[in-house]
Amino acid sequence: MSGLIEKITLYDLLGYALPGSILLGILSFTCMMIQGNMKSLYDMYKDAVGYFFIILLILGYVAGMLMSEITDKIKNCFDEPLKMDMSQYLRDNHLNCRQVGRALANAGYVKKEEEIQSAEHVLQYLSGMYGDIQSDSKYNRLHNYASAKLICKNMAFVSFAGMGMSLLCTFFVWNDSADILVNLKQAVVPAAVMMFVCFVAGSMFKSRWKKMYFKTNFYTVIWFVGKYNGKVDKK
């Protein structure tokens, strides 16, 4: 057990377990709100909170990995703008595809540098470049960028999922009473506030994820070229 705990890193806890646990917590809270037995369930299982926390952390890790895969699938639908940004960023940093191709050829990823003719070709080798760079302790900052990217991506998913859960609660908590003020107080206003908070949080996490996504990709290319072409590394 101690060996397993030692293998759990901050990357795992913040990137997968924390967002996954929050998502499962939101789902559990929504189910209890719908069933209307939140207090009774707490009174029944309050002595086993510690065990529930451990189980939630384990299940949250699994849920976090699933979220990461889902968001990656969604991201793949919007690849074109990312490719355009990569091309522009290379020009802004006085790099071109031929220089990247030369670095890939020097590293043994391609036979001739002419094989890399566009930013799209660069992106095809991005995972290989990242694996090469992130294993080098000289470029350990790249791991921090990747960790921040993962955390923000999963937290954006959790935030937008919270909007849906808030809307779902509104329909089930809505009172049959004809008193509009009662319905507003018990269902509409709390749900509206929660949806607004989740939307703002989701938008901020999404914006931060995009920055970390670009920064991870850009620095991967820059440092890879610097490593194999002998350029000065940009910090």
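Trp209 places none of its side-chain heavy atoms less than 4.5 Å from the side chain of Ile151. When side chains are defined from C-beta on, Asp132 does not count as touching Met129, because their heavy atoms never get closer than 4.5 Å. The side-chain heavy atoms of Asn217 and Tyr130, taken from C-beta on, include no pair separated by under 4.5 Å.
Note on ring orientation: taking the six-membered ring where Trp is involved, the planes of Phe218 and Phe214 are parallel (angle under 30°, cut-offs 30° and 60°).
The stretch residues 156-165 participates, sequence neighbours left out, in no salt bridge (Lys or Arg N to Asp or Glu O under 4.0 Å) pair at all. Here salt bridge (Lys or Arg N to Asp or Glu O under 4.0 Å) pairs that include residues 143-165, with residues two or more places apart or in two chains, are Asp72-Lys153.
For the pair Cys198 and Ser159, the tightest heavy-atom approach, listed with the atom from each and the gap, is CB-O, 3.2 Å. Of all heavy-atom pairs between Phe160 and Gly202, the closest is CZ-C, 3.5 Å. Scanning all heavy atoms of the two residues, the minimum distance from Leu142 to Thr216 falls at CD1-O, 3.6 Å.
Atom CZ of residue Arg141 and atom CH2 of residue Trp223 lie 4.5 Å apart, to the nearest 0.5 angstrom. Between the CD1 atom in Ile22 and the CE atom in Met155 there is a gap of 4.0 Å [rounded to 0.5 Å]. Atom OG of Ser68 is separated from atom CZ of Phe157 by 10.5 Å, given to the nearest 0.5 angstrom.
Residues passing the side chain to side chain donor-acceptor pair (under 3.5 Å) test with Tyr109, sequence neighbours excluded: none. For Lys215, the side chain to side chain contact (heavy atoms under 4.5 Å, CB included) partners are Tyr145, Met212, Tyr219, not counting sequence neighbours. Legend: residues meeting side chain to side chain contact (heavy atoms under 4.5 Å, CB included) with Leu24, ordered by chain and number and at least two apart, are Leu27, Leu56, Leu59, Ala63. Checked against side chain to side chain donor-acceptor pair (under 3.5 Å), Asn144 has no partners two or more places apart in sequence or in another chain.
Asn229 contributes a side-chain N or O that, together with a main-chain N or O of Gln99, makes up a donor-acceptor pair within less than 3.5 Å. Although no hydrogens or angles enter the test, the distance criterion places a donor-acceptor pair under 3.5 Å between the side chain of Asn154 and the main chain of Gly15. Of the possible donor and acceptor atoms, one in the side chain of Thr71 sits under 3.5 Å from a partner among the backbone N and O of Met67.
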Q: Decide yes or no on side chain to side chain contact (heavy atoms under 4.5 Å, CB included) for Leu104 and Phe224, but give the supporting numbers first.
A: CA-CA 8 Å; Leu104 288 168; Phe224 185 85; 3.6 Å; yes

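No more than 12 heavy atoms of other residues, nucleotides or ligands lie within 6.0 Å of CE in Met194, so this atom counts as exposed by the packing criterion.
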